Amino acid sequence: MMLPFMVSLLLIAGCDKPSGPQEQAESADRNRDGAIEARGKITLKSANGMMATLSYEYAGQPAPDDFFNDADGRDVSLRDFAGRPLLVNIWATWCVPCRVEMPTIDALAKLEEGRISVIAVNQDLQGARPAMDFFRRIGIRNLEPYSDPDNALSAAYDAIPLPTTILYDSEGKEVWRVQGGFEWNDKEVSKLLREAA
């Protein structure tokens, strides 16, 4: 009686291994229209030990229209970034994985300058000040401290975990999302980003 249970556990455990970026890129198929079709979620493991999940579950869905604030307090939405691929990081200063990955997102913004817009939208209820202080303290130079104190984006995504990073194509349609901390300046990330082209 115990043997079938143990075999089931071994089969389940075998499906939960981390995959490399090459396996990630091969895990999605394109249909006749070129749209990415989901094949489940893929575990990503960064060199520093952070774990994240790559998902194509919402591929093709339009970006939400909800407003958040730029560094000067003006309302902006994801539509304001239309015309080129957009990588949106949703984070908070109290979130440890968010803080750990932020320097790598900053490096990615510099690396992808002119090809992909990279923004980080802070979810702290106190507004822009915590993000601005954090950016200044750790030397973030390529990202503007966007803020969403009403958590409108988080609510639009059904209260997603932090950090979550979503790639949109130039038409504002989701390509994939990564939930959890990740090293965004890894050389293999560019392969994933090219899926928005």
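We count residues from 1, following the sequence as given. What you are looking at is a predicted structure, and each value in this text was computed from that prediction instead of being measured.
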TODO: Using the side chain to side chain contact (heavy atoms under 4.5 Å, CB included) rule, take W184 and T165 through it: C-alpha gap first, then chi angles, then the decisive distance, then the call.
DONE: CA-CA 10 Å; W184 290 98; T165 305; 3.5 Å; yes
Task: Test item: side-chain donor near acceptor, N69 and D75, under 3.5 Å - done: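 Yes.
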Distance (rounded to the nearest 0.5 Å) between [X] [atom1] and [Y] [atom2]:
X	Y	atom1	atom2	result
N89	L162	CG	CG	9.0 Å
D106	N142	CG	CG	4.5 Å
F68	S77	CZ	OG	6.5 Å

Open item on the list: Less than 4.0 angstrom from a charged side-chain N to a carboxylate O is my criterion; do D133 and R129 meet it?
Closed with: yes
TODO: Before accepting this row, confirm whether a basic side-chain N of the pair E112/R194 lies closer than 4.0 Å to the acidic partner's carboxylate O.
DONE: yes
- [ ] Apply side chain to side chain contact (heavy atoms under 4.5 Å, CB included) to R177 and I160, showing your working.
- [x] CA-CA 11 Å; R177 66 178 62 184; I160 55 172; 3.9 Å; yes
- [ ] State whether the number of non-hydrogen atoms from other residues, nucleotides or ligands found under 6.0 Å of E171 atom CD is greater than 12.
- [x] no
Task: Minimal non-hydrogen separation, I138 against P103, with atom names - done: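 Between these two residues, the closest heavy atoms are CD1-CG, 4.0 Å.
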Open item on the list: To check you understand the geometry: which heavy-atom pair defines the closest contact between P161 and Q179, and what is its length?
Closed with: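 In this case the closest contact between P161 and Q179 is CD-NE2, 3.5 Å.
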- [ ] Not counting sequence neighbours, which residues clear salt bridge (Lys or Arg N to Asp or Glu O under 4.0 Å) with R74? List them please.
- [x] D70, D72
TODO: Have a look at L192 and tell me which of L87, L167, L54 forms a side-chain contact (heavy atoms from CB on, under 4.5 Å) with it.
DONE: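 Passing option: L54.
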TODO: Mind telling me whether Y146 and F81 have parallel, tilted or perpendicular rings, with 30° and 60° as the class edges?
DONE: perpendicular
Contacts table for residues 150-159: side-chain donor-acceptor under 3.5 angstrom, sequence neighbours left out:
from	atom 1	to	atom 2	distance (Å)
N151	ND2	P149	O	3.4
Y157	OH	Y168	OH	2.2

